[in-house]
Structure formats: C-alpha cells, structure tokens
Protein chains: 2
Amino acid sequence: MKIDPKSPADLSAQIAKAIRDAILSGDLIVDERLPSEAELADQFDVSRPTVREALKRLAAQNLIRTQRGAAGGAFVRRLGYHEARAQHITTSTLLLSMNAVDFDTACEARFALERACAPLSAERRSADHLATMRAEIHRQSQPGLSDESFCDSDVAFHRALVDGAENPVLSYQLAGAVEAMQPLMNMITFTQRNRDMIVGLHTRIADAIQARNAAAADAALDELTAYTLQLGNDAMVAREKR
Amino acid sequence: MKIDPKSPADLSAQIAKAIRDAILSGDLIVDERLPSEAELADQFDVSRPTVREALKRLAAQNLIRTQRGAAGGAFVRRLGYHEARAQHITTSTLLLSMNAVDFDTACEARFALERACAPLSAERRSADHLATMRAEIHRQSQPGLSDESFCDSDVAFHRALVDGAENPVLSYQLAGAVEAMQPLMNMITFTQRNRDMIVGLHTRIADAIQARNAAAADAALDELTAYTLQLGNDAMVAREKR
DNA sequence: CGCAGTTTAATTGTCTGACATTTTGTTGAC
DNA sequence: GTCAACAAAATGTCAGACAATTAAACTGCG
C-alpha cells in the first residue's frame with residue numbers, strides 16, 4: 001500500500017484509490033483484514049476522519065465490510081452475484097433515466113441481448129424455470145391487473161428466460177438491460193388487446209423453450225421486439241400530443 | 001428528505017440511503033444543489049463528520065459531485081456513459097476474479113452477447129469502426145508483441161465491433177462482459193499459431209462487417225468462440241499439470 | 001455611472017481530541 | 001476446571017477549530 005504525494009486536495013479519494021487498487025491487483029485477499037483506522041492514518045500520514053471517509057467510499061462500492069469490536073476492523077469483502085446484480089441494476093437505471101435514453105435504443109439493446117440467451121435457455125432450462133415462466137404468464141392473464149404489476153410480471157418472466165441459460169455471468173449482465181427498462185415500460189398504458197398479444201407471444205416463447213426449439217423462441221422474441229417497439233412509439237406519440 | 005430513527009449504528013449509511021433514494025425517486029434533479037453539510041447535519045441531527053461520510057459514500061457511487069467555495073456544495077451528478085461504463089467494468093472484473101468464475105462460463109457469456117451485437121454492427125458500422133478494427137488486426141499481426149498487448153488489442157477490436165452497433169446502451173452493457181474477460185485471457189499464453197488463427201478469424205469478422213453480411217460475421221464469431229474456449233481449456237490443463 | 005480590484009463570506013477539506021459502543025480476550029474467584 | 005467480571009481494542013460518533021477555495025459583494029477610481 002503506497003503513499004500519496006502532497007497533491008492538492010481530496011486525500012480521502014487518493015487513499016480510497018490506493019486501497020482499491022490493492023484489492024483489484026490482488027495484494028489484498030478476500031476476507032483479509034486491513035490495518036486499523038489509526039494505523040492507516042499513521043501510514044498515510046493523515047488524520048483518522050480522512051481515513052474513515054476513504055473507507056466509507058470503499059464500503060459504498062461493496063469492496064469492504066467493517067466490523068466493530070476488539071477483533072473488528074475493515075475486511076475485504078467478497079463481491080457476490082446478488083450485490084453485484086443490485087449495483088448493476090441501480091447504475092443502469094440511473095444511466096437510462098438521467099440521460100433521456102430513447103425507448104427504441106433501450107428496447108433494441110434489451111431484446112438483442114435477450115435473444116442471445118434464448119438458444120442457451122432452450123438447451124438448458126430446468127423445469128423450475130419453465131414453471132416460473134408459466135406462472136408469470138398466468139399472472140399476466142388475470143383481469144384487473146394494474147399496469148405496474150403487469151410490468152413486474154413481464155420482468156419476472158424475462159428474468160426466468162435469462163436464468164434458464166444457467167450462466168450466472170449472463171444473468172448478471174442481462175439484469176442491467178432487462179430491469180433498467182422497467183421505468184420506461186411503466187410509461188406505457190397496456191390495453192387488454194396489448195396484454196393479450198404479449199401473453200400470446202410469451203406463451204409461444206415458453207412453448208419453444210419447453211420444446212427446446214431455439215429457432216421458434218428466436219422468432220417469437222423477434223415479434224415481441226417489434227411489438228414492444230411499436231407500443232413504445234405509440235406511447236411516445238400519445239405523450240407528445242398531450 | 002426524511003429523518004432516521006434512533007436505530008443503533010451506521011447513521012452515515014442511513015443518511016446516504018435517504019439521499020440516494022431522493023435522487024433515485026427524482027426528488028433531487030440533476031445539477032441540483034444539496035443543502036450544505038452544516039444544514040444537513042442539522043436536519044438529520046448528527047454531526048458534520050457523519051454527514052461527510054454519507055456524502056463520500058454517494059460520491060464514490062458517482063451520484064454527487066462536490067465543489068468548494070462560496071457557491072460550492074454537493075450537486076447531483078449526471079451519470080454519464082463513461083463513468084457508468086468504468087463502474088460496470090470494475091464491478092464485473094471483481095465479480096469474476098473474486099468468485100472463481102470458470103473460463104467457459106465467462107467466455108460463453110461474452111461471445112453470446114457479442115453475437116447479439118454483430119447483426120446490428122453489420123448494418124450500421126461506420127468507416128471509423130471498420131478502420132479501428134483493421135488497425136487492431138494489424139497490431140495483432142506484428143511479431144514480438146507481448147501476450148498482454150495482444151490481449152489489449154483483442155479487447156480493442158471487439159470493442160470496436162460492439163460500438164459499431166451504434167447503440168450506447170448496448171456498448172455499456174457489453175463493456176462489462178468484454179473487458180472483464182481480460183484478466184482471464186491474460187492467463188493464456190498465445191503461440192504464434194494461436195495468433196495467426198485469431199487474426200484470421202478477426203479478418204473474417206471485419207470482412208463480414210464491411211460487407212454488411214451478418215450471417216458471415218455470426219459464423220466467424222461462432223468459430224472464434226469455439227477456438228477461444230479450446231485455448232482456455234488447454235491453458236487450464238497446462239496450469240493444473242504444473 | 002461603469003468597471004476593476006479588493007474584501008468578505010460561505011463552504012468544503014482536514015485536523016485534534018474526546019467519548020460511546022461493541023466485541024474479544026484475559027484474568028481471577030470459586 | 002469453569003464461569004463471570006473486567007480490560008483492551010476497534011469502530012462509531014461528536015464537538016470545535018483552522019485552512020483552502022471560490023463566488024459574490026463592496027469599494028474606489030476614472
């Protein structure tokens with residue numbers, strides 16, 4: 001762990017970077033204990049509050065966890081799929097909402113990636129994944145469902161489709177594209193006719209996955225892509241008219 | 001912005017969460033100025049260092065930026081593609097390295113996603129993207145190139161391929177899959193024969209993209225996937241023998 | 001009245017020192 | 001030998017102060 005020169009300001013950022021680099025480069029192993037705040041303050045020649053701010057930065061990135069008490073301190077944290085996924089979704093959602101990404105771009109990205117999963121999912125899906133897909137289709141068919149709940153179910157359906165590929169890296173990467181779309185999808189008002197159409201396409205996808213027919217799944221996803229794009233554009237037009 | 005109960009500990013985390021939620025929910029707009037640290041300390045009924053730790057957490061997530069001086073303070077930050085990309089790559093790299101993801105899984109995910117981009121890239125690629133791809137192929141062909149530089153160039157080539165789809169959301173999502181693979185790829189020793197083979201496949205991909213031939217690009221990527229998987233498995237076997 | 005230079009005030013960055021809280025380890029009594 | 005009380009170590013929090021920086025207000029001169 002190295003020092004920092006008398007560069008102008010933001011000592012805490014420099015210290016955080018030094019420690020982060022040590023973790024990234026493997027100098028610090030998972031579950032390894034960092035020196036105490038007092039020791040770090042001594043090493044970097046700064047005060048304890050400054051060290052603390054640096055540690056909080058790292059804690060915010062899920063790189064360390066802290067524990068109070070005698071044998072306490074800061075420990076390098078194992079970044080699990082769950083936390084990484086949550087972080088990825090948060091970042092993706094913010095990115096989309098803060099940059100006024102148009103519906104077409106986000107939609108295109110989402111379905112392009114999903115179609116990459118479909119063949120793998122058709123090959124490997126378990127009965128569990130299939131059951132989840134069927135259950136969500138059933139939920140989507142229920143009358144009186146709010147638009148928001150319909151979107152929730154839509155996301156759950158597609159998550160099951162992606163998870164069916166049994167590749168955690170793929171699930172992690174896709175989470176950002178699928179879940180971050182939800183706020184955009186929530187701007188759409190789904191008529192009963194829209195819902196019937198989507199449920200029909202979902203059923204075709206589930207059937208194809210069940211039959212391990214990658215080509216059929218791809219075709220249904222292609223239609224769903226086009227239909228979703230159309231719905232999004234209709235919503236945009238209606239929005240501008242208002 | 002609401003208060004926090006007398007819950008036991010980690011006031012700074014609670015405050016950070018409160019402010020983060022305010023940003024996520026849209027209560028705080030981009031470039032809006034937060035109250036000063038002293039005011040926040042007053043509102044939340046904590047001391048200024050505690051507020052500062054909370055703000056550092058948010059700064060680490062690129063949610064705010066701080067500025068010194070009279071009209072200074074903390075401002076809600078627009079999350080740009082560049083920062084989001086960097087964050088995503090860091091998280092993905094850590095996720096792979098800390099969870100001992102096997103080469104096959106990561107490789108499968110990467111190429112599945114890349115193949116999703118290829119058709120779009122074939123359709124939309126600019127002369128610039130094509131020139132970058134050709135330049136990287138040329139770099140990869142040079143003798144005496146270190147394995148590390150070869151990998152660098154490989155990543156640059158694939159980045160150009162993905163960027164060719166002209167979809168920033170896609171580029172962002174793919175960055176995690178492509179760049180995070182680099183540490184794994186760096187464990188492979190590339191013989192001259194390996195490199196010739198890869199350069200050949202890259203050339204086929206570039207040719208297909210130039211000709212706007214999606215099917216040919218897909219076929220070449222398919223071969224590259226298989227070849228990369230084989231190289232990775234060979235490296236694993238060699239590693240275990242040692 | 002207008003503009004340039006200076007002053008001033010607000011705000012973050014950092015330090016010092018202290019106390020509270022929590023957990024662990026040790027020691028002493030039985 | 002076992003258990004309980006105490007001491008130690010570490011983080012969490014607070015209070016007050018000073019330094020650094022920057023924008024705005026003010027002042028003086030033309």
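Just so it is clear: chains get the letters A, B, ... in the order the sequence lines come, proteins before strands, and each one is counted from 1.
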Could you check how far [atom1] of [X] sits from [atom2] of [N], rounded to whole Å?
{"X": "B:Leu11", "N": "C:dA20", "atom1": "CG", "atom2": "P", "answer": "16 Å"}
{"X": "A:Asp45", "N": "C:dT14", "atom1": "CG", "atom2": "C1'", "answer": "13 Å"}
{"X": "B:Asp10", "N": "C:dT22", "atom1": "CG", "atom2": "C1'", "answer": "13 Å"}
{"X": "A:Glu53", "N": "D:dT13", "atom1": "CD", "atom2": "P", "answer": "13 Å"}
{"X": "A:Ile64", "N": "D:dG12", "atom1": "CD1", "atom2": "C1'", "answer": "14 Å"}
{"X": "B:Asp42", "N": "D:dA15", "atom1": "CG", "atom2": "C1'", "answer": "14 Å"}

For A:Asn186, side chain to side chain donor-acceptor pair (under 3.5 Å) partners two or more places apart =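 In terms of side chain to side chain donor-acceptor pair (under 3.5 Å), with neighbours along the sequence ignored, A:Asn186 is linked to no residue.
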Kindly list each side-chain donor-acceptor pair under 3.5 angstrom involving residues 69-84 of chain A, sequence neighbours excluded, with atom names and distances?
residue: A:Arg78; atom: NE; partner: B:Met98; partner atom: O; Å: 3.3
residue: A:Arg78; atom: NH2; partner: B:Met98; partner atom: O; Å: 2.5
residue: A:Glu83; atom: OE1; partner: A:Gly80; partner atom: N; Å: 3.1

Listed by chain and number, what are the side chain to side chain contact (heavy atoms under 4.5 Å, CB included) partners of A:Cys107, not counting sequence neighbours?
->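 A:Cys107: side chain to side chain contact (heavy atoms under 4.5 Å, CB included) contacts with A:Phe103, A:Phe111, A:Met181, A:Thr228, A:Leu229.
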Counterpart residues, side chain to side chain contact (heavy atoms under 4.5 Å, CB included), relative to A:Pro49 (two or more places apart) |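 If we apply the side chain to side chain contact (heavy atoms under 4.5 Å, CB included) test to A:Pro49, skipping adjacent residues, the hits are A:Ser47.
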Going 5' to 3' through nucleotides 6-12 of chain C and flagging B where a protein heavy-atom sits under 4.0 Å of the base, S where only the sugar-phosphate is that close, and - otherwise, we get ---BBBB
Output every pair passing ring pair (Phe, Tyr, Trp, His ring centres under 6.0 Å) with a member in residues 144-167 of chain A, not counting sequence neighbours, ordered by first then second residue.
->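 Those involving residues 144-167 of chain A are A:Phe150-A:Phe190, A:Phe157-A:His202, A:His158-A:His202.
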How about B:Glu148: does its CD atom have over 12 heavy atoms from other parts shown lying under 6.0 Å from it?
->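 Counting other residues, nucleotides and ligands, CD of B:Glu148 stays at 12 neighbours or fewer.
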